[in-house]
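Report on the structure given below.
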Amino acid sequence: IEKFLDSAEGRLVREVGALLRRMADDILERARERKLLDRFKPESIAELEPRFRKELNSVLKGHFVGLYRDAVKNAGLEIGLKAKDFSSFAAEDIFPEDFEEIVRAESFSVVRDLSADVQKRVSNRLFGGLKDGKPISEIARQISTDVDAYTEGQVRNILRTKTTEIFNEA
């Protein structure tokens with residue numbers, strides 16, 4: 001079980017990390033396009049809505065649904081069912097509606113929190129960098145480094161916790 005969870009978590013962290021980097025890069029690019037960096041309007045930068053939330057939600061939901069189905073299958077194997085017994089199951093057979101709502105709410109909540117954190121980090125880096133007179137290229141590198149560190153630290157922990165919760169619910 002531990003190997004399975006570690007493997008699933010590693011894939012998820014990579015996918016989520018890539019989306020968070022795209023989100024951060026997009027915020028920076030839109031700030032450039034709107035010339036918010038030239039006018040030094042940090043409040044306007046903070047108002048830019050992060051994109052790619054739908055994609056992030058899709059990745060998380062897909063991960064949680066797959067995790068739940070695998071956990072149900074593993075539980076069945078532990079009680080003596082054969083793997084072929086699961087091939088005829090429809091999604092409704094192994095994915096109760098109540099649990100689907102829980103997964104939807106969890107993935108939506110995680111997306112909301114992660115996108116808000118990325119938006120805040122980008123805004124803070126831009127504001128601090130511009131205030132200190134740093135070139136945009138250096139600020140962009142700092143944002144990228146910050147998002148990568150955030151993904152490997154806090155995001156990994158958040159996803160590990162949610163993955164464990166979903167697996168245990170099954």
Next item on the list: Of all the heavy-atom pairs spanning T151 and G17, show the shortest one and how long it is.
Entry: CG2-CA, 3.5 Å
Next item on the list: Please report the shortest heavy-atom distance between R125 and I139, naming the atom on each side.
Entry: O-CG2, 3.8 Å
Check: V13 and E152: which non-hydrogen atoms are nearest, and at how many Å?
Finding: CG1-OE2, 4.0 Å
Next item on the list: Find out whether L12 and L60 are in side-chain contact, i.e. whether some heavy atom of one side chain is under 4.5 Å from a heavy atom of the other.
Entry: yes
Item checked: Residue pair E165 / T161, side-chain donor-acceptor N/O under 3.5 Å -> no
Check: Does G10 offer a backbone N or O that forms a donor-acceptor pair with the side chain of R14 under 3.5 Å?
Finding: yes
Checklist line | Straight-line distance of E49 CD to E47 CD, nearest 0.5 Å | finding: 9.5 Å
Item checked: For the student: nearest non-hydrogen atoms of L48 and A31, plus distance -> CD1-N, 3.8 Å
Next item on the list: Identify the two heavy atoms, one from L36 and one from S44, that lie closest to each other, and give their separation to 0.1 Å.
Entry: CD2-CB, 3.6 Å
Notebook entry, point to check: Under a 4.0 Å N-O cut-off, is there an ion pair linking D26 with R22?
Noted result: no
Next item on the list: Say whether, by atom type as modelled, one donor and one acceptor occur between the side chain of S144 and the main chain of A140 under 3.5 angstrom.
Entry: no
Next item on the list: State, with a plain yes or no, whether a side-chain heavy atom of Q142 is found less than 4.5 Å away from one of K134.
Entry: yes
Note to self: Can you list everything that forms a side-chain hydrogen bond (donor to acceptor under 3.5 Å, both in side chains) with Q154? Sequence neighbours excluded, please.
What the structure shows: R121
Next item on the list: Mind running side-chain contact (heavy atoms from CB on, under 4.5 Å) on M23 and V122 for me, showing each step along the way?
Entry: CA-CA 10 Å; M23 192 179 283; V122 170; over 6 Å; no
Check: Which pair of non-hydrogen atoms, one from S115 and one from P50, has the smallest distance, and what is that distance?
Finding: O-CG, 3.6 Å
Item checked: Residues forming a side-chain hydrogen bond (donor to acceptor under 3.5 Å, both in side chains) with S107, sequence neighbours excluded -> N57
Check: Would a 4.5 Å heavy-atom cut-off, applied to side chains only, mark R112 and S109 as touching?
Finding: yes
Item checked: Carboxylate-amine/guanidinium contact E55 R51, below 4.0 Å -> no
Margin query: Evaluate L126 against I143 for side-chain contact (heavy atoms from CB on, under 4.5 Å), listing each step before the verdict.
Written below: CA-CA 8 Å; L126 281 171; I143 289 170; 4.1 Å; yes
Next item on the list: State whether R32 and E29 are salt-bridged, where the test is any N-O pair (Lys NZ or Arg NE/NH1/NH2 against Asp/Glu carboxylate O) under 4.0 Å.
Entry: yes
Notebook entry, point to check: Counting distance only, does the side-chain N/O of R156 pair as donor-acceptor with the main-chain N or O of Y150 below 3.5 Å?
Noted result: no
Next item on the list: Mind running side-chain contact (heavy atoms from CB on, under 4.5 Å) on I136 and L130 for me, showing each step along the way?
Entry: CA-CA 8 Å; I136 299 301; L130 292 172; 3.8 Å; yes
Checklist line | Intermediate values then yes/no, side-chain contact (heavy atoms from CB on, under 4.5 Å), L20 and V155 | finding: CA-CA 10 Å; L20 294 179; V155 171; 3.8 Å; yes
Item checked: Check: I45 main-chain N/O paired with Q119 side-chain donor or acceptor under 3.5 Å -> yes
